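All values reported here derive from a predicted model rather than from experimental measurement. Read the numbers this way: they start at 1 and go in the same order the structure lists the ligands and their atoms. Position 1 is the first residue of the sequence, and the numbers go up from there.
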Amino acid sequence: MRLLLVEDHERFAEFVKNGLEREGFTVDAVTTAANADAAFAAVSYDTVILDLGLPDADGLTLLKAWRDQGNSTPVLILTARDGVDDRVKGLNSGGDDYLLKPFEMQELIARIRALLRRPGGTLGTVIEVGNIAFDTSAREVRIQNKAITISRREMGVLEHLMRRAGRVVPKDVIEDKIYGFDEEVSSNSVEVHVSRLRKRLTASHADCAVHTIRGVGYLLAVDEENNGLV
Ligand code: CA
C-alpha cells in the first residue's frame, strides 16, 4: 500500500512516516501543497494523509481540487484546528476521515486501515488466491493455513499480484507500489524480489505461481497441475 503524507512540520512528518513504514506501508512525504499536487498527479496512492495548514495553500483547497477532478482516493485529514467548523468543512470538501493532532500512531494506523477496508472500495481485508491468503490488515501471509516469513518488499509484490490475480501486472506498476520517491531502486530489484518470492511460494507448497510475461510484467495464476484441471 502506498501512502502520500502531506505535512509541513518536518520532524513530525518523519516520525509519522517511520511509524507507517514499520507497519509495512510505503510512504512518500511532502511538505507543500505544490509538491503534494505533483505527487498526487504522478502516483496512484491508496490513501492520502493531509495536513490542513500548509505553507503555500490550504489543504482543503487542494482536496477540493482533487475531488473536482473526480478522484476518489481516500483522504484522511490531520488538523490541529479544534473546531467543529473545520471538521465539517473538511468532510464537505471530500475528506473521508479526520484526526486531530496530537494523536497516537496506533490511532492513525487504525484509521488508515479502516479507510482501506471501506465497502465500495476494491480493498478487502483478506485476499485469497489458490491456497494463499493475504491478510492486508495484519500484514500476514498464510499458505495452506500456515503463516510464512516474508520480507516487506516481497509482501508488496505479492499483494499487488494477488489483487490482480490472473492478469498481467506491469513491472513499473509493481515498482511504483513498493518504493517511495526517496528510495533508490536498482534496475533489477523487482526481478530480485519476484525471484525470492517464487522460491518462498514453492517452499511453502503454494498452488499458485508467478509467471514472467517477457517485456511486460508478471502474472500470478493458480497452477493447473495442482488444482485438478490437468
Ligand atoms: Ca501544518
Side-chain angles (χ1 to χ4, degrees), residues 1-118 120-123 136-137 139 152-153 156 159 175-185:
M1 295 285 102
R2 188 159 171 184
L3 311 178
L4 177 63
L5 171 64
V6 188
E7 166 62 66
D8 60 315
H9 190 300
E10 288 189 30
R11 278 182 54 197
F12 178 65
E14 174 96 17
F15 166 79
V16 173
K17 184 178 194 295
N18 289 342
L20 292 171
E21 284 175 346
R22 274 199 298 276
E23 293 294 315
F25 294 106
T26 298
V27 183
D28 292 326
V30 294
T31 56
T32 63
N35 286 345
D37 207 31
F40 192 80
V43 176
S44 143
Y45 289 101
D46 298 294
T47 292
V48 177
I49 303 154
L50 179 66
D51 175 39
L52 290 189
L54 297 169
D56 54 339
D58 190 297
L60 288 183
T61 309
L62 191 61
L63 174 56
K64 188 155 186 320
W66 292 343
R67 292 306 187 227
D68 288 348
Q69 291 160 17
N71 193 298
S72 60
T73 302
V75 174
L76 186 142
I77 295 169
L78 295 183
T79 178
R81 306 171 190 182
D82 191 5
V84 174
D85 278 3
D86 284 317
R87 296 182 214 177
V88 170
K89 253 193 246 160
L91 298 174
N92 283 345
S93 306
D96 297 275
D97 197 1
Y98 64 87
L99 199 52
L100 290 179
K101 294 181 193 172
F103 54 82
E104 295 290 328
M105 210 45 220
Q106 285 313 315
E107 174 74 14
L108 175 64
I109 290 160
R111 299 287 191 95
I112 292 170
R113 293 217 163 113
L115 284 180
L116 293 173
R117 275 200 302 272
R118 277 203 325 187
T122 52
L123 303 162
T136 59
S137 174
R139 306 304 298 167
R152 179 162 80 87
R153 306 264 198 231
E159 178 172 3
E175 201 168 81
D176 235 40
K177 290 284 185 183
I178 66 172
Y179 290 103
F181 284 144
D182 56 352
E183 293 178 281
E184 286 278 329
V185 185

query = For Asp8 and Thr32, what are the C-alpha separation, side-chain angles and deciding distance, and is it a side-chain contact (heavy atoms from CB on, under 4.5 Å)?
reply = CA-CA 6 Å; Asp8 60 315; Thr32 63; over 6 Å; no
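Note: Phe12 and Phe103 have perpendicular aromatic rings, judged against thresholds of 30 and 60 degrees for the angle between ring planes.
The environment of Glu107 atom CD is dense: over 12 non-hydrogen atoms of other residues, nucleotides or ligands sit within 6.0 angstrom.
With hydrogens and angles disregarded, no donor-acceptor distance shorter than 3.5 Å links the side chain of Asp51 to the backbone of Val6. Side-chain N or O atoms of Asp28 include none that pairs as donor or acceptor with a backbone N or O of Leu3 at under 3.5 Å.
Around the Ca ion (ligand 1), the protein atoms of type N, O or S found under 3.0 Å away are Asp8 OD1, Asp51 OD2, Gly53 O, listed by chain and number.
In this structure, Glu23 does not pair ionically with Arg152, as no charged nitrogen and carboxylate oxygen lie closer than 4.0 Å.
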